[in-house]
Amino acid sequence: MVSSQTDLLIQTVNNEANRLGDFLTGLDQQMWSRDSACEGWVIGDVVAHLAGGAATWANSITRAVAGDSGPPEGQDFMAPGQRGSETIGQAARDSHQQVGMGLMENFRTGYAGLAQVLAGLKADDWDKPCFHRRGPMPIVDFVSLRLQELAIHGWDIRSGLDQNATVSEEALPVLAGRVPRWLGFAFVSGLDLPTPVRYRFDIASPVAVQEDVVVNRDTFSIQPSGRGIADVTFRGNTGNYILLIYGRLAPSHGVATGRLTIEGSQKEARSEEHTSELQSRAYLV
């Protein structure tokens, strides 16, 4: 793994955690009880989830460096297609209630510890397999997933207080690169669609994305744009593309607010909206 790439990834994770920590420090206690964009989660629940994840991630990376990519005590791999949303959500709510005013300290301490673990990684560590409940993955992918959590859940928190909140621009290159893996987790089979349907994403900036998602009822593939005629084309900036893909921005709302333009079949666009609504109920990892 090229050190400049991993150095940038570490810096981006640390910057994202620090920015979110600074934002949270400015909130009064009443705001922590406001709804976030995660359905059924208040802001404090999301913070508890992120704080707990920092310590868990640091432990998993430390074990991976030592050659252990198996489940830690009390955990196991998830079955294919299994979703852990209900368990994760309850754990976050329980942690929020138990820790209360100490959440901010847990968040800061957790990400300081994670930063220390990341700083200690050597060049040959990044490709080592690391435990994740959906299956072992290289440490570099595992760290990228932590950035995804921080950036998307950071938006969940901010959007609960500001409807004009945007996704961190610094994180966009990594998030755009993780879209195929996310679609693999969130894809909903058996939708009432003609087959195949070609969804085209024509995203110019700040991170260009020109690709098609071709859906064949129970499967999908990602292809470079231009291989066929698109049934629906989505245009917008990269941040709003990420919000659409991660189920945070419904197509109709994106059009109504000027965040997206959509060309083509409105039936298929509505099907994408249904998929987005289902995705929004799924937690990221």
Side-chain angles (χ1 to χ4, degrees), residues 1-14 16-17 48-92 95 110-153 171 173-189 213 218-222 242 245-247 279 281-285:
M1 184 59 59
V2 178
S3 61
S4 61
Q5 294 176 342
T6 53
D7 288 347
L8 179 59
L9 178 58
I10 291 172
Q11 180 181 347
T12 306
V13 170
N14 291 341
E16 200 68 27
H49 173 62
L50 289 173
T56 300
W57 247 245
N59 179 60
S60 292
I61 293 170
T62 299
R63 293 173 62 246
V65 170
D68 184 357
S69 61
E73 185 176 354
Q75 296 190 47
D76 206 345
F77 293 113
M78 295 177 66
Q82 181 183 355
R83 294 183 183 273
S85 304
E86 183 175 342
T87 301
I88 291 174
Q90 190 57 53
S95 178
Y111 282 96
L114 179 60
Q116 186 174 5
V117 169
L118 295 179
L121 291 173
K122 298 179 173 58
D124 60 355
D125 289 331
W126 287 93
D127 292 323
K128 292 180 178 178
C130 185
F131 170 76
H132 185 271
R133 63 199 182 105
R134 296 188 188 277
M137 64 177 66
I139 288 176
V140 64
D141 288 347
F142 195 66
V143 176
S144 298
L145 192 56
R146 178 57 17 193
L147 177 59
Q148 172 188 288
E149 284 272 293
L150 282 164
I152 299 298
H153 281 319
V174 173
L175 296 182
R178 292 200 59 79
V179 164
R181 183 179 179 88
W182 168 250
L183 289 177
F185 289 158
F187 177 71
V188 179
S189 63
V213 177
D218 293 325
T219 63
F220 76 94
S221 63
I222 298 177
I242 291 296
I245 291 294
Y246 282 76
Q279 289 173 346
R281 296 183 176 90
Y283 303 116
L284 300 181
V285 296

Heavy-atom closest pair, residues Cys130 and Phe142: SG-CD2, 3.5 Å
Asn14 vs Leu114, side chain to side chain contact (heavy atoms under 4.5 Å, CB included): CA-CA, chis, key distance, verdict: CA-CA 9 Å; Asn14 291 341; Leu114 179 60; over 6 Å; no
Parallel, tilted or perpendicular: ring planes of Trp182 versus Tyr246, cut at 30 and 60 degrees: parallel
Smallest separation among heavy atoms of Ile139 and Ala64, with atom names: CD1-CB, 3.8 Å
Leu50 side chain near Arg146 side chain, heavy-atom distance below 4.5 Å: yes
Asp125 with Lys122: basic N within carboxylate O range, under 4.0 Å: no
From CA spacing to verdict: side chain to side chain contact (heavy atoms under 4.5 Å, CB included), Gln148, Arg181: CA-CA 12 Å; Gln148 172 188 288; Arg181 183 179 179 88; over 6 Å; no
Taking every non-hydrogen atom, the tightest pair across Phe77 and Pro136: CE2-CD, 3.7 Å
Minimal non-hydrogen separation, Ala171 against Glu16, with atom names: CB-OE1, 4.2 Å
Nearest-0.5 Å distance that lies between atom CG in Asp68 and atom OG in Ser60: 9.5 Å
Flag, side chain of Ser95 to backbone of Ala91, donor-acceptor distance under 3.5 Å: no
Leu175 and Ile152, any side-chain heavy atoms less than 4.5 Å apart: yes
Check against side chain to side chain contact (heavy atoms under 4.5 Å, CB included), Thr12 and Val174: CA-CA 9 Å; Thr12 306; Val174 173; 5.7 Å; no
Short side-chain to backbone donor-acceptor contact, Asp141 and Pro138, under 3.5 Å: no
Side chain to side chain contact (heavy atoms under 4.5 Å, CB included) between His49 and Glu149, worked out: CA-CA 10 Å; His49 173 62; Glu149 284 272 293; 2.9 Å; yes
Interatomic spacing from OG1 in Thr62 to CD in Gln116 - rounded to 0.5 Å: 9.5 Å
Arg133 versus Ile88, closest heavy-atom pair with distance: NH2-CD1, 3.0 Å
Val143 vs Ile10 side-chain heavy atoms within contact, under 4.5 Å: no
Least distance between heavy atoms, Phe131 atom then Gly70 atom: CB-O, 3.6 Å
Distance in Å, Gln11 CD paired with Leu118 CG, rounded so as to fall on 0.5 Å steps: 12.5 Å
